Number of protein chains: 2
Amino acid sequence: MHEVAELAGVSRMTVSRALNHPEKVKEKVRQRVFDAVSQLGYVHNHLARSLSSSKSNVIGLVLPSLENSIFSATVKAISDVLRPAGFQLMLAESSDDPKDEEIVISNFLAQRVAGLVLHSTRHSPAAIRMLRGANVPVVENGDMPVDPIDMVVSYSNRAAAKAMTLHLARMGYSKIGFASLANPRATERQLGYLDALAEAGLAPDPRRIVNVSRGFGGGAEAIAHIEHVAPDTDALFCAGDVLAVGALLECNRRGWAVPGRLAIASFDDLDLLRHVNPAITALRLPRAEIGRRSAEMLLARIFEREIPVQSVDLGFEIVQRASS
Amino acid sequence: MHEVAELAGVSRMTVSRALNHPEKVKEKVRQRVFDAVSQLGYVHNHLARSLSSSKSNVIGLVLPSLENSIFSATVKAISDVLRPAGFQLMLAESSDDPKDEEIVISNFLAQRVAGLVLHSTRHSPAAIRMLRGANVPVVENGDMPVDPIDMVVSYSNRAAAKAMTLHLARMGYSKIGFASLANPRATERQLGYLDALAEAGLAPDPRRIVNVSRGFGGGAEAIAHIEHVAPDTDALFCAGDVLAVGALLECNRRGWAVPGRLAIASFDDLDLLRHVNPAITALRLPRAEIGRRSAEMLLARIFEREIPVQSVDLGFEIVQRASS
DNA sequence: TTGTAAGCGTTATCAG
DNA sequence: CTGATAACGCTTACAA
């Protein structure tokens, strides 16, 4: 920057201003500075800038898993809002483990991120303490938390699962099964499923609830479980889209009619669900909208604009298709 | 850090040492420092650390698209190598546009990233100049580049596509079509497809080459194209896994026998390909290995260790399944 | 509109 | 093994 200043015949301060607030520098000087910058191939040092101004332009995002395609819509949406504002995205994985999340958060705070998006609502006490102490804007994403740290943009897993189960019940299915996964969001969904059974006056039957592994294979596991343990199950609600597709493909393989032999419904609506045969009934969740709103709320807070609400429940939508 | 030093009764320098090189500080002092740190809830400032030491602990990753699930295996693998080494991952999207990539790279350089992974091999001249000038370790990923910037970990799109096409030819298919996408990797794959036709003595037929849109819908578009423009096509090689699944599902919908009416093969091997009916023949690419090796090479360079090779071609594998 | 001086929070360097 | 001092490259606050 020193060299740029010399070449442009101004002080370093003027270079800084030309770079950060071009409008505060006379047109002619600004041009000289920009010319010098490109002539010297000067690259601004954001580290020094952030340190000096105590304003960072990095946002941290913590995802339960980097392998899950479900989150890519959220990531993309966040990134799309951040880029034009000149912010960068830092990514890390919590593996749904509060201890791992705590480490990741502490690293992000050490990087002095300007804001944080956490795709989870379960945090270690230490993590919560750090976040509150750091006075950094935080958006939580994965569910509607009971005791939010700061801002929230999400939907309720429990309410959504309940709505879908009730939908199946209203369509006449009375022996509804649930294929679950080992993560806190799936656990909430299972509670919603049970809520709905109670409300619909259907007796819950533990034989119809099965925990399976992630991925398409999990869906096949669920079908095998139904066949052996509760063959009279007439509908299967899957805690994840990939599971639902796996289950459907397994039914196709076995020649089970869907929905004749078994109806299938999915939590979350991947594009794929519309393309399989039959297309799968699903909960459409506003993944992209969640990312967009999260980033916008963060930026609003960073620029000290008013934010209308601290907590946004974006809801969900049931998409009825041929599989139920 | 000042307060930590006071509470521990040492100088700031000793705190810094206790944090960064614990072994260089007497056990007793170290303990006092750590106690003070947790008592005060002190969070190390990596910005200042990086500025002062001119060593950053952030790696930048540029992906063509944040929405493509194909890349998640690479991201995950990179992250898994980086975390234990204390490095963070910064993410950005190039949209396969060299101009966008240039902006993203310049932002990363402004953040003083310690290294860069570029999932692309086409860069703007300005970007190349910046990278060379910055003297930052770079790994290129999406293909084997003709003129690498620095290090390379990849496979050859052209060679892989050629191998798969030859494989189909050897199986007896003689009217092989190609469903392509509008990105540089798909373009290379198309060249490989043409290479193979030439080598197999099959005449290339432009009617059998179709550019489709991304996603499952693109696969259906390809099938529609074949039906109307080149109905005697006996095998379809898809430039992407999602395309291949879309094509297969569309065949199922139309009642086309696969591979009887049309064989299908995929570039890239998603888990899903094994679960559809019939399972789809695919090229298995070492996505995770690419991420792992890329991160390892970057770290080796950063720590000034010897790297055995600058450029690694990890190859590919043909997985023959029921669809061909 | 531009410049001067001080400092952001850390670490490199060298002395003790 | 520990401490004093001077950077690191920029911006804030104020002065001209």
Side-chain angles (χ1 to χ4, degrees), chain A residues 1-34 36-37 40-58 86 106-114 133-136 302 304, chain B residues 1-34 36-37 40-58 86 106-107 109-114 134-136 302 304:
Chain A
M1 178 146 147
H2 189 72
E3 299 177 24
V4 174
E6 276 194 342
L7 204 150
V10 294
S11 74
R12 285 179 307 169
M13 200 50 235
T14 304
V15 174
S16 170
R17 265 193 286 256
L19 258 33
N20 294 311
H21 313 279
E23 76 285 357
K24 296 198 169 184
V25 166
K26 245 204 303 210
E27 159 97 46
K28 228 169 124 183
V29 180
R30 194 194 317 154
Q31 203 47 58
R32 273 213 318 270
V33 171
F34 286 154
V37 163
L40 294 168
Y42 165 75
V43 181
H44 202 144
N45 188 330
H46 284 186
L47 256 41
R49 191 241 293 267
S50 298
L51 178 60
S52 175
S53 64
S54 42
K55 273 173 198 147
S56 140
N57 64 144
V58 176
S106 113
N107 282 326
F108 277 169
L109 292 180
Q111 298 287 348
R112 295 298 186 268
V113 291
N135 199 32
V136 167
I302 290 166
E304 297 181 323
Chain B
M1 179 148 143
H2 189 72
E3 299 177 22
V4 174
E6 276 195 340
L7 202 151
V10 294
S11 74
R12 285 178 308 169
M13 201 50 235
T14 303
V15 175
S16 170
R17 266 192 285 256
L19 258 31
N20 294 310
H21 312 280
E23 76 285 357
K24 296 199 169 183
V25 166
K26 243 202 307 209
E27 159 99 45
K28 230 169 123 183
V29 180
R30 192 193 319 152
Q31 203 47 59
R32 274 215 315 272
V33 171
F34 286 155
V37 163
L40 295 168
Y42 165 76
V43 181
H44 202 144
N45 188 332
H46 283 187
L47 256 41
R49 194 242 294 266
S50 298
L51 177 61
S52 178
S53 63
S54 44
K55 272 171 198 149
S56 141
N57 63 145
V58 176
S106 114
N107 281 327
L109 292 180
Q111 299 288 348
R112 296 298 186 268
V113 292
N135 200 32
V136 167
I302 290 165
E304 296 180 323

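In this text, all values refer to a predicted model and were calculated from it rather than measured experimentally. Residue numbers begin at 1 in each chain, while the letters A, B, ... track the order of the sequences.
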Engineer: Can you tell me how far P of D/dT2 sits from NE2 of B/H21, to the nearest Å?
Structural biologist: 14 Å
Engineer: Rounded at 0.5 Å granularity, tell me how far CG in A/L109 sits from CG in B/N45.
Structural biologist: 11.0 Å
Engineer: Quickly work out the B/M13 CE to C/dG9 P distance and round it to whole Å.
Structural biologist: 17 Å
Engineer: A/H46 has an atom NE2; how far is it from atom C1' of C/dC8, in whole Å?
Structural biologist: 17 Å
Engineer: Taking donor-acceptor contacts at under 3.5 Å, does the side chain of B/R17 reach the base of D/dG3?
Structural biologist: yes
Engineer: At under 4.0 Å between heavy atoms, what does A/T14 touch on the DNA or RNA strands: base, sugar-phosphate, or nothing?
Structural biologist: sugar-phosphate
Engineer: For A/L19 and D/dG9, what is the distance between atoms CG and P respectively, to the nearest whole Å?
Structural biologist: 15 Å
Engineer: Using a 4.0 Å heavy-atom cut-off, does B/S53 contact any base of the nucleic acid, only the sugar-phosphate backbone, or nothing at all?
Structural biologist: sugar-phosphate
Engineer: Is it true that atom CD of B/E23 has more than 12 heavy atoms of other residues, nucleotides or ligands lying nearer than 6.0 Å?
Structural biologist: yes
Engineer: Would you kindly give the CZ-to-C1' distance between B/R30 and D/dC1, to the nearest whole Å?
Structural biologist: 12 Å
Engineer: Take the protein atom CD of A/Q111 and the nucleotide atom C1' of C/dC8, then report the distance between them rounded to whole Å.
Structural biologist: 16 Å
Engineer: Starting from the C-alpha separation in whole Å, work towards a yes-or-no answer on side chain to side chain contact (heavy atoms under 4.5 Å, CB included) for A/R12 and A/H2.
Structural biologist: CA-CA 6 Å; A/R12 285 179 307 169; A/H2 189 72; 3.9 Å; yes
Engineer: How long is the gap from CE on A/M1 to CZ on A/R49, to the nearest 0.5 Å?
Structural biologist: 10.5 Å
Engineer: If you round to the nearest 0.5 Å, how far is CZ of A/R112 from CG of A/N57?
Structural biologist: 15.0 Å
Engineer: I'd like to know if B/S52 reaches the base of C/dT10 with its side chain such that a donor and an acceptor end up less than 3.5 angstrom apart.
Structural biologist: yes
Engineer: Determine the contact category for B/H44: base if any of its heavy atoms lies under 4.0 Å from a base atom, sugar-phosphate if only primed atoms, P, OP1 or OP2 are that close, otherwise nothing.
Structural biologist: sugar-phosphate
Engineer: What is the distance, to the nearest angstrom, from the CG atom on B/N57 to the P atom on C/dT10?
Structural biologist: 14 Å
Engineer: For B/R112 and for B/K24, locate the closest nucleotide of DNA chain D by heavy-atom distance; then report the residue assigned to the nucleotide nearer the 5' terminus.
Structural biologist: B/K24
Engineer: Which whole-number value in Å describes the distance from B/M1 CE to C/dC8 C1'?
Structural biologist: 13 Å
Engineer: I want to confirm an ordering. Mapping B/H2 and A/K26 to their closest nucleotides on DNA chain C, which one lands closer to the 5' end?
Structural biologist: A/K26
Engineer: Report yes if at least one side-chain N or O of A/N20 is closer than 4.0 Å to OP1 or OP2 of D/dT11; otherwise report no.
Structural biologist: yes
